[in-house]
Engineer: 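So that we are looking at the same thing, I have put the structure below in C-alpha cells.
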Amino acid sequence: MCGRFSFTARRDDVENRFGVFIDTDAYIPRYNCAPSQKLSVISNASPEKLSFYRWGLIPFWAKDFSIGNKMINARAESIIEKPSFKNSFRRKRCLVLSDGFYEWKKEEKVAGAGAVAGKKEEKVPYRILKKDNSLFAMAGLWDTWKDAEGRETQSFTIITTSANDLIKDIHHRMPVILQPEHERLWLDEFDKQKHLELLKPYPSELMKTYRVSKLVNSPLNDNKELIQPLINS
DNA sequence: CCAGACGTTGTT
DNA sequence: GTCTGG
DNA sequence: CCAGACGTTGTT
DNA sequence: GTCTGG
C-alpha cells in the first residue's frame with residue numbers, strides 16, 4: 001500500500017521535470033507526507049500548474065469529511081466498481097508527485113544480548129525509490145467536497161496494485177508509479193481500457209530500497225534525517 | 001420500497 | 001480494540 | 001501509514 | 001449519488 005511518502009525536490013526541479021508552474025510560496029520540500037495533509041498533485045482540472053490537495057479522498061456525496069481518513073488508497077483491481085472511486089476514475093484523475101515512499105515490514109524482533117529469544121514482531125520502515133533517485137508520479141484520483149457553508153475541499157487517493165518482486169519482500173501492495181511517458185496520458189480524456197492498462201506494478205529493476213530510522217513513524221517529524229539509510233541495521 | 005454503506009490492509 | 005488526527 | 005486518544009459533570 | 005441488503 002502507500003501510507004507515507006517523500007517529495008523533497010527543489011521547486012524549479014519540479015517545474016522542469018513535470019512541466020508545471022508553482023504559483024505559491026507555500027511549496028516546500030517534504031520528507032514525511034502523511035494522510036490528511038495538503039500535498040503536491042497535478043490535476044486534470046488544471047494540468048499546467050501544481051495543486052495542493054488533501055490526502056484521503058472525500059467523495060462529493062459524503063455527509064462529513066472524516067470518511068476521507070479511510071480513503072487514502074484505492075485498489076486498482078476494483079476501481080471501476082467502487083461507488084467512492086468510479087466517478088473520479090472517469091473524470092478526476094491526478095498525478096501525486098513523489099521521490100520515494102515508505103513501507104513498514106513486519107520482522108521478527110531480535111532479542112538483545114542476555115535477553116531470551118522472543119517471538120515478538122516489530123514494524124521496520126523502509127524507503128523505496130527509483131535506482132537513479134529521480135522524481136516520479138503516482139496515479140491518483142481526486143474529488144471536490146463541499147461543507148455545510150459551501151466551502152470546497154479538494155482531496156485525493158493513491159491507487160495501489162500488487163507489489164513487484166523487489167517490494168514483495170517488504171509488503172504485498174505498492175502504489176501505482178507511472179512511467180514518465182505515461183504521466184500526461186493519465187490526465188488525458190478518459191479511455192477506460194487505456195487508463196486501466198497503466199495501473200501495473202513498476203518494474204523491480206528500476207527501483208531500490210533501504211531501511212530508514214523509526215523517526216519516520218511520527219508524522220510530526222519532517223526532516224532530511226528521515227530519508228537517510230539506516231546504518232545500524 | 002427504504003436504510004445504510006460507500007475503503008484498504010492485515011489477520012484469523 | 002477502534003477511531004481520529006497528522 | 002503510525003500515534004494517540006478513548007468520558008462526563010462541574011468547577012476554576 | 002448509487003449500490004446492496006432486507
Side-chain angles (χ1 to χ4, degrees), chain A residues 1-7 26 28 30-41 52-92 96 98-109 119-129 138-148 152-163 167-177 199 201 209 211-223 225-227 230:
Chain A
M1 80 168 327
C2 183
R4 217 72 80 72
F5 64 94
S6 60
F7 188 47
I28 51 162
R30 293 292 314 277
Y31 301 87
N32 201 357
C33 299
S36 81
Q37 298 173 348
K38 294 187 84 175
L39 303 169
S40 296
V41 304
F52 296 88
Y53 289 180
R54 186 186 210 269
W55 187 6
L57 189 144
I58 310 162
F60 69 95
W61 43 258
K63 288 189 189 74
D64 82 300
F65 75 96
S66 61
I67 189 173
N69 293 335
K70 309 175 197 172
M71 309 279 189
I72 66 170
N73 292 134
R75 290 177 64 91
E77 297 89 336
S78 56
I79 209 168
I80 45 173
E81 299 133 35
K82 298 293 183 181
S84 299
F85 302 134
K86 57 189 297 184
N87 190 65
S88 291
F89 180 51
R90 294 188 160 271
R91 304 178 196 292
K92 296 176 176 175
V96 182
S98 175
D99 62 0
F101 58 96
Y102 303 104
E103 298 285 0
W104 282 257
K105 180 181 181 180
K106 286 195 171 172
E107 294 181 357
E108 205 87 331
K109 202 166 196 170
K119 291 173 188 166
K120 293 245 166 109
E121 281 201 325
E122 182 186 21
K123 292 186 112 180
V124 177
Y126 286 78
R127 185 161 185 254
I128 301 164
L129 63 169
M138 300 182 283
L141 304 176
W142 63 277
D143 207 347
T144 297
W145 178 80
K146 283 188 193 182
D147 69 15
E152 290 188 348
T153 298
Q154 271 75 36
S155 59
F156 72 93
T157 188
I158 296 172
I159 301 175
T160 63
T161 183
S162 53
I167 296 170
K168 262 190 190 113
D169 182 51
I170 299 171
H171 197 77
H172 72 110
R173 304 287 297 173
M174 68 181 283
V176 171
I177 294 169
L199 305 180
T209 75
R211 193 173 163 182
V212 292
S213 160
K214 283 186 181 174
L215 287 171
V216 75
N217 286 13
S218 173
L220 298 177
N221 296 326
D222 189 356
N223 58 67
E225 196 179 346
L226 304 192
I227 62 169
L230 195 70

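The chains referred to below are lettered A, B, ... by the order of the sequence lines, with proteins before strands, and numbering in each begins at 1.
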Engineer: Quantified in whole Å, what is the C1' atom distance between nucleotide D:dC1 and nucleotide B:dT9?
Structural biologist: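 Approximately 10 Å lies between the C1' atom of D:dC1 and that of B:dT9.
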Engineer: Output all residues satisfying salt bridge (charged side-chain N to carboxylate O under 4.0 Å, His left out) with A:E77, sequence neighbours left out; order by chain, then residue number.
Structural biologist: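 Scan of A:E77 (salt bridge (charged side-chain N to carboxylate O under 4.0 Å, His left out), adjacent residues dropped) gives A:R75, A:R173.
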Engineer: Go through the structure and list residues passing side-chain contact (heavy atoms from CB on, under 4.5 Å) with A:K214, not counting sequence neighbours.
Structural biologist: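 Partners of A:K214 under the side-chain contact (heavy atoms from CB on, under 4.5 Å) test: A:E122, A:P125, A:N217.
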Engineer: Restricting to ring pair (Phe, Tyr, Trp, His ring centres under 6.0 Å), what partner residues turn up for A:Y53, sequence neighbours left out?
Structural biologist: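 Testing A:Y53 for ring pair (Phe, Tyr, Trp, His ring centres under 6.0 Å), a comparison that skips the adjacent residues, returns A:W142.
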Engineer: Who pairs with A:F7 by ring pair (Phe, Tyr, Trp, His ring centres under 6.0 Å), at least two apart in sequence or on another chain?
Structural biologist: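 With sequence neighbours excluded, A:F7 shows a ring pair (Phe, Tyr, Trp, His ring centres under 6.0 Å) to no residue whatsoever.
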Engineer: Between the side chains of A:T144 and A:E152, does any donor sit under 3.5 Å from an acceptor?
Structural biologist: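 No, no side-chain donor-acceptor pair sits under 3.5 Å.
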Engineer: Suppose you measure atom C1' in D:dT8 against the same atom in C:dG5; what distance do you get, rounded to whole Å?
Structural biologist: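 Comparing C1' positions in D:dT8 and C:dG5 gives a spacing of 23 Å.
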Engineer: Hey, could you give me each pair passing side chain to side chain donor-acceptor pair (under 3.5 Å) that has a residue in residues 62-74 of chain A? Not counting sequence neighbours.
Structural biologist: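 As it turns out, the side chain to side chain donor-acceptor pair (under 3.5 Å) pairs with a partner in residues 62-74 of chain A, which skip direct neighbours, are A:D64-A:S66.
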Engineer: In residues 74-81 of chain A, which ones come under 4.0 Å of DNA chain B, going by heavy atoms?
Structural biologist: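 Close to the strand are A:A74, A:R75, A:S78.
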Engineer: So which one's nearest nucleotide on DNA chain B is more toward 5', A:A62 or A:T160?
Structural biologist: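 That would be A:A62.
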Engineer: For a quick check of understanding: with a heavy-atom distance under 4.0 Å over all strands, which category does A:Y102 fall into, base, sugar-phosphate or nothing?
Structural biologist: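 If one applies the 4.0 Å heavy-atom cut-off, A:Y102 turns out to touch nothing in the nucleic acid.
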Engineer: Suppose you measure atom P in B:dT12 against the same atom in D:dC2; what distance do you get, rounded to whole Å?
Structural biologist: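 Those two atoms are separated by 16 Å.
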Engineer: Taking all atoms of both residues into account, what is the closest heavy-atom pair of A:G140 and A:V96, and its distance?
Structural biologist: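 Taking A:G140 first and A:V96 second, the nearest heavy atoms are CA-CG2, 4.1 Å.
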Engineer: Looking at residues at least two apart in the chain, or sitting in another chain, which of them share a ring pair (Phe, Tyr, Trp, His ring centres under 6.0 Å) with A:F5?
Structural biologist: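 For A:F5, the residues satisfying ring pair (Phe, Tyr, Trp, His ring centres under 6.0 Å) (neighbours in sequence not counted) are A:W55.
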Engineer: Can you sort out the partners of A:E81 under side-chain contact (heavy atoms from CB on, under 4.5 Å), two or more places apart, ordered by chain and number?
Structural biologist: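 side-chain contact (heavy atoms from CB on, under 4.5 Å) list for A:E81, sorted by chain: A:S78.
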Engineer: Drop me the distance from A:L141's CG to A:R90's CZ, to the nearest 0.5 angstrom.
Structural biologist: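 With rounding to 0.5 Å, CG (A:L141) is 12.5 Å from CZ (A:R90).
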Engineer: What interatomic distance, in whole Å, is found between C1' of B:dG7 and the corresponding atom of E:dC3?
Structural biologist: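 Going atom to atom, C1' in each nucleotide, I get 15 Å.
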Engineer: For a 4.0 angstrom threshold against heavy atoms of chain A, report the outermost contacting nucleotides of DNA chain D in 5' to 3' order.
Structural biologist: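 Footprint of chain A along DNA chain D, 5' to 3': D:dC1 to D:dA3.
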Engineer: Could you pull out every donor-acceptor pair under 3.5 Å between side chains of residues 30-39 of chain A and any protein atom, sequence neighbours left out?
Structural biologist:
| from | atom 1 | to | atom 2 | distance (Å) |
| --- | --- | --- | --- | --- |
| A:R30 | NE | A:D222 | OD2 | 2.5 |
| A:R30 | NH1 | A:Q37 | OE1 | 3.4 |
| A:R30 | NH2 | A:N32 | O | 3.0 |
| A:R30 | NH2 | A:Q37 | OE1 | 2.8 |
| A:R30 | NH2 | A:D222 | OD2 | 3.3 |
| A:N32 | OD1 | A:R4 | NH1 | 3.1 |
| A:N32 | ND2 | A:V216 | O | 3.2 |
| A:N32 | ND2 | A:S218 | O | 3.0 |
| A:N32 | ND2 | A:N221 | O | 2.8 |
| A:Q37 | OE1 | A:A34 | N | 2.9 |

Engineer: Just by distance, do the side chain of A:S98 and the backbone of A:S6 share a donor-acceptor pair under 3.5 Å?
Structural biologist: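 Yes, the answer is positive, given that a donor and an acceptor are paired below the 3.5 Å cut-off.
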Engineer: Taking for each residue the nucleotide of DNA chain B with the nearest heavy atom, is it A:C2 or A:W61 whose nucleotide lies nearer the 5' end?
Structural biologist: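 Residue closer to the 5' terminus by nearest nucleotide: A:W61.
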Engineer: Between A:I67 and A:I58, is a side-chain contact (heavy atoms from CB on, under 4.5 Å) present by the stated rule, with each step listed?
Structural biologist: CA-CA 6 Å; A:I67 189 173; A:I58 310 162; 4.1 Å; yes
Engineer: Which range-with-range stems can be found for DNA chain B when each stem has 3 or more Watson-Crick or G-U pairs in a row and both distances sit under 3.5 Å?
Structural biologist: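 The stems are B:1-6 with E:1-6.
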Engineer: For a quick check of understanding: with a heavy-atom distance under 4.0 Å over all strands, which category does A:F5 fall into, base, sugar-phosphate or nothing?
Structural biologist: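 Nothing, no nucleic acid heavy atom in range.
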Engineer: Which atoms of nucleotides 3-6 of chain C (N or O only) lie under 3.5 Å from a protein N or O atom, and what are those distances?
Structural biologist:
| from | atom 1 | to | atom 2 | distance (Å) |
| --- | --- | --- | --- | --- |
| C:dG6 | N9 | A:S36 | OG | 3.3 |
| C:dG6 | N7 | A:P35 | O | 3.1 |
| C:dG6 | N7 | A:S36 | OG | 2.7 |
| C:dG6 | N2 | A:R4 | NH2 | 3.4 |

